[in-house]
K.L.:
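The structure is given below, and queries will be raised subsequently.
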Number of protein chains: 2
Amino acid sequence: MDEPKPLRPTSEATLRRLPIYHHLLQKRLATGIKTISCSQIAEELSCDATQIRKDLAVTGIKGRPKVGYDLAALILSIEIFLGWSRVRKAFLAGAGHLGSALLGYNRFHHYGLDIVAAFDRDPDRVGTKVHGREVLPINKLAGLAKRMRVEVGIITVPAPVAQEVADFMVSGGVRAIWNFAPTKINVPAGVIVQNEDLYSSLGVLLQKLSAAHRLR
Amino acid sequence: MDEPKPLRPTSEATLRRLPIYHHLLQKRLATGIKTISCSQIAEELSCDATQIRKDLAVTGIKGRPKVGYDLAALILSIEIFLGWSRVRKAFLAGAGHLGSALLGYNRFHHYGLDIVAAFDRDPDRVGTKVHGREVLPINKLAGLAKRMRVEVGIITVPAPVAQEVADFMVSGGVRAIWNFAPTKINVPAGVIVQNEDLYSSLGVLLQKLSAAHRLR
DNA sequence: TAGATTGTTAATCGATTAACAATC
DNA sequence: TAGATTGTTAATCGATTAACAATC
């Protein structure tokens, strides 16, 4: 009699909004308030209160009518739901500009991610340290990933070699890939790929700018 | 009698996919082929051919039944539609890790963007050069933006100062902001904001990983 | 000509928004 | 109690997918 519902996965739109709420809530927590309502969040973010209520509901939090949500409990509920309460090990491949920038983000571990090592093909980079993490040769990636039980791979190599690197990660047992290369990577079923394509974002921005131009 | 239709703006989903097609098309162009059909693209990207056809249609391209699209014409059509054929000047605020990484992207000008200068508040950074661009003090941003007719602002400063920087950009006449700070920025109507929130992406990735875990 | 592919209209699906009862 | 806010069901909206005529 337990769990008979088909349980559709949470929509990507909702998942993308939860971290935005989380950020606002933490800002509010710092001011010392104890509770917050959907209408307050909606006001601040200029979005719809009902949508926020539905988004928050997926995390399992319960609010109190006339009061709202307990701020600390809500923050924790989002963190647990998003998987930020357990830190997962990650390998980063491609210690160029973008890769180095990501290695420099020292708050990722608050968000469930610990980049434990970086890999590169360039012998000039191998052996150096970037933000405290040693850069290792790319051919060690798969073996070390398996040995260290690394769950996440971050791809910041150029597009032409992204697939090859993804294959190394998969063979090392990595189960989720954060792909910053502007190209499609093919992985076996069950491996999660999250694409982060800067050119797509830039395309959206510039097209809107062009369209606004045309209207005037 | 011209243009009486209400003309809904192109959906963001379509805008995000166009650069992905563009990348694939350029890869194909390099192999020497002259035409391509939607089913070929769909096969390569594992997505729906009808969707691709509709996406491409917004750019105004016309295909030929039984043949497909002229590859070079299609690439150009996407570039013109996205506004990549005219290069716009951009200022970047925040010459830290991520800002430096973006300054190092030397292909942005192929995609309609030319980052002409960087700004920072830290006196230690001001005066240095990052990837060939001088770092200027942040208080010069608004005046210079106006004088140089800079249209795009890129925000890579920490969240707490993002709003202040956005205000400088707006007062300098910038009409589109690419915001990498994980916080909402308020701008007057007519100014375009494109948010690029790494924590949102990370949230999506890790939640899916957690959810996959729970199922097993 | 026959068949593959485009372009477009209709049907489906899912996400957002509105309505409203439950509750503190 | 009255009123604000949650939780949930229904209505709307838009995007994706299917169907099919037009065309090369």
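Every chain is numbered from 1, with letters handed out A, B, ... down the list of sequences. In what follows, every heavy atom counts, from backbone to side chain, and hydrogens, waters and symmetry copies are set aside.
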K.L.:
Any side-chain heavy-atom pair from Val191(A) and Arg175(A) closer than 4.5 angstrom?
P.N.:
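With C-beta onward as the side chain, the pair stays apart.
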K.L.:
Are the aromatic rings of His97(B) and His97(A) close, with centres under 6.0 Å apart?
P.N.:
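Not close enough - the centres of the two rings lie 6.0 Å or further apart.
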K.L.:
For DNA chain C, whose closest nucleotide is more 5', that of Val67(B) or that of Pro9(A)?
P.N.:
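Residue closer to the 5' terminus by nearest nucleotide: Val67(B).
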K.L.:
Quick one: Arg17(B) CZ to dT17(D) P, roughly how many Å, whole number?
P.N.:
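Taking CZ of Arg17(B) and P of dT17(D), I get 8 Å after rounding.
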K.L.:
For DNA chain D, what dot-bracket results from Watson-Crick or G-U pairs at under 3.5 Å, with [ ] for crossers and | for inter-strand partners?
P.N.:
..||||||||||||||||||||||
K.L.:
In whole Å, I'd like the distance from the CD atom of Gln51(B) to the P atom of dT6(C).
P.N.:
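Going from Gln51(B) (CD) to dT6(C) (P), I get 15 Å.
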K.L.:
Can you tell me the distance, in whole Å, between the CD atom of Gln40(B) and the C1' atom of dA4(C)?
P.N.:
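Interatomic distance, CD of Gln40(B) to C1' of dA4(C): 12 Å.
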K.L.:
To the nearest Å, give me how far apart CZ (Arg16(B)) and P (dT16(D)) are.
P.N.:
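Rounded to the whole Å, the gap is 13 Å.
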K.L.:
Residues of residues 52-66 of chain A with any non-hydrogen atom less than 4.0 angstrom from an atom of DNA chain D: list those, numerically ordered, please.
P.N.:
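Residues of residues 52-66 of chain A under 4.0 Å from DNA chain D: Arg53(A), Lys54(A), Lys62(A), Gly63(A), Arg64(A), Pro65(A), Lys66(A).
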K.L.:
Would you mind telling me which of dT8(C), dT17(C), dT6(C) lies closest to the side-chain atoms of Asp48(A)?
P.N.:
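The listed nucleotide nearest to Asp48(A)'s side chain is dT17(C).
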K.L.:
How about Ser37(A) and Gln40(A): does a side-chain donor come under 3.5 Å of a side-chain acceptor?
P.N.:
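Yes, a side-chain donor-acceptor pair sits under 3.5 Å.
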K.L.:
Say whether, by atom type as modelled, one donor and one acceptor occur between the side chain of Arg17(B) and the main chain of Asp55(B) under 3.5 angstrom.
P.N.:
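Checked: no pair found.
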K.L.:
Under 4.0 Å between any heavy atoms, over every strand shown, what does Ser37(A) touch: base, sugar-phosphate, or nothing? Just pick one.
P.N.:
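Since only primed, P, OP1 and OP2 atoms lie under 4.0 Å of Ser37(A), the category is sugar-phosphate.
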K.L.:
Indicate, with yes or no, if the rings of Phe108(B) and Tyr105(B) have centres closer together than 6.0 Å.
P.N.:
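When the ring centroids of Phe108(B) and Tyr105(B) are compared, they turn out to be within the sub-6.0 Å range.
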K.L.:
If only atom types and distance count, is the side chain of Thr10(A) paired as donor or acceptor with the main-chain N or O of Leu15(A) below 3.5 Å?
P.N.:
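Answer holds: no.
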K.L.:
Using a strict heavy-atom distance below 4.0 Å, which residues from residues 19-32 of chain B are in contact with DNA chain D?
P.N.:
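Those residues whose heavy atoms fall under 4.0 Å from DNA chain D, taken from residues 19-32 of chain B, amount to none.
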K.L.:
For the residue pair Lys146(B) / Ser171(B), report whether a side-chain donor-acceptor contact shorter than 3.5 Å exists.
P.N.:
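Result is no, nothing qualifies.
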K.L.:
Given side chains that start at C-beta, do those of Leu206(B) and Leu202(B) come closer than 4.5 Å, heavy atoms only?
P.N.:
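In contact.
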K.L.:
Is Tyr69(A) close enough to dG7(D) that one of its side-chain N or O atoms is under 4.0 Å from OP1 or OP2 there?
P.N.:
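So the side-chain polar atoms of Tyr69(A) do come within 4.0 Å of the phosphate oxygens OP1 or OP2 of dG7(D), strictly under.
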K.L.:
Figure out the CD1/C1' separation between Ile36(A) and dT6(D), and round it to whole Å.
P.N.:
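Rounded to whole Å, this separation is 15 Å.
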K.L.:
May I ask you to test the Met169(B)-Leu141(B) pair for a side-chain heavy-atom distance under 4.5 Å?
P.N.:
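A side-chain contact under 4.5 Å exists here.
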K.L.:
So with a 6.0 Å cut-off around CZ of Arg133(B), is the heavy-atom count from everything else above 12?
P.N.:
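More than 12 heavy atoms, drawn from other residues, nucleotides or ligands, come within 6.0 Å of this atom.
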K.L.:
Whole angstrom is fine here: how far is it from CG in Leu74(A) over to C1' in dT5(D)?
P.N.:
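One finds 15 Å between C1' of dT5(D) and CG of Leu74(A), rounded.
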K.L.:
Checking Gln26(B) side chain against His23(B) main chain: does a donor-acceptor pair fall under 3.5 Å?
P.N.:
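Judged by distance alone, no pair lies under 3.5 Å.
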K.L.:
Want to settle it: does Ser11(B) or Cys38(A) sit nearer the 5' end of DNA chain D, counting the closest nucleotide to each?
P.N.:
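That would be Cys38(A).
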K.L.:
Using a 4.0 Å heavy-atom cut-off across all strands, classify Thr50(A) as base, sugar-phosphate, or nothing.
P.N.:
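Counting heavy atoms under 4.0 Å across all strands, the contact made by Thr50(A) includes a base.
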K.L.:
Would you mind reading off the distance between Leu18(A) atom CG and dA15(C) atom P, rounded to a whole angstrom?
P.N.:
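So the two atoms are 14 Å apart, to the nearest Å.
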K.L.:
Just checking, any donor-acceptor pair under 3.5 angstrom between side chains of Ser201(B) and Glu196(A)?
P.N.:
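Yes.
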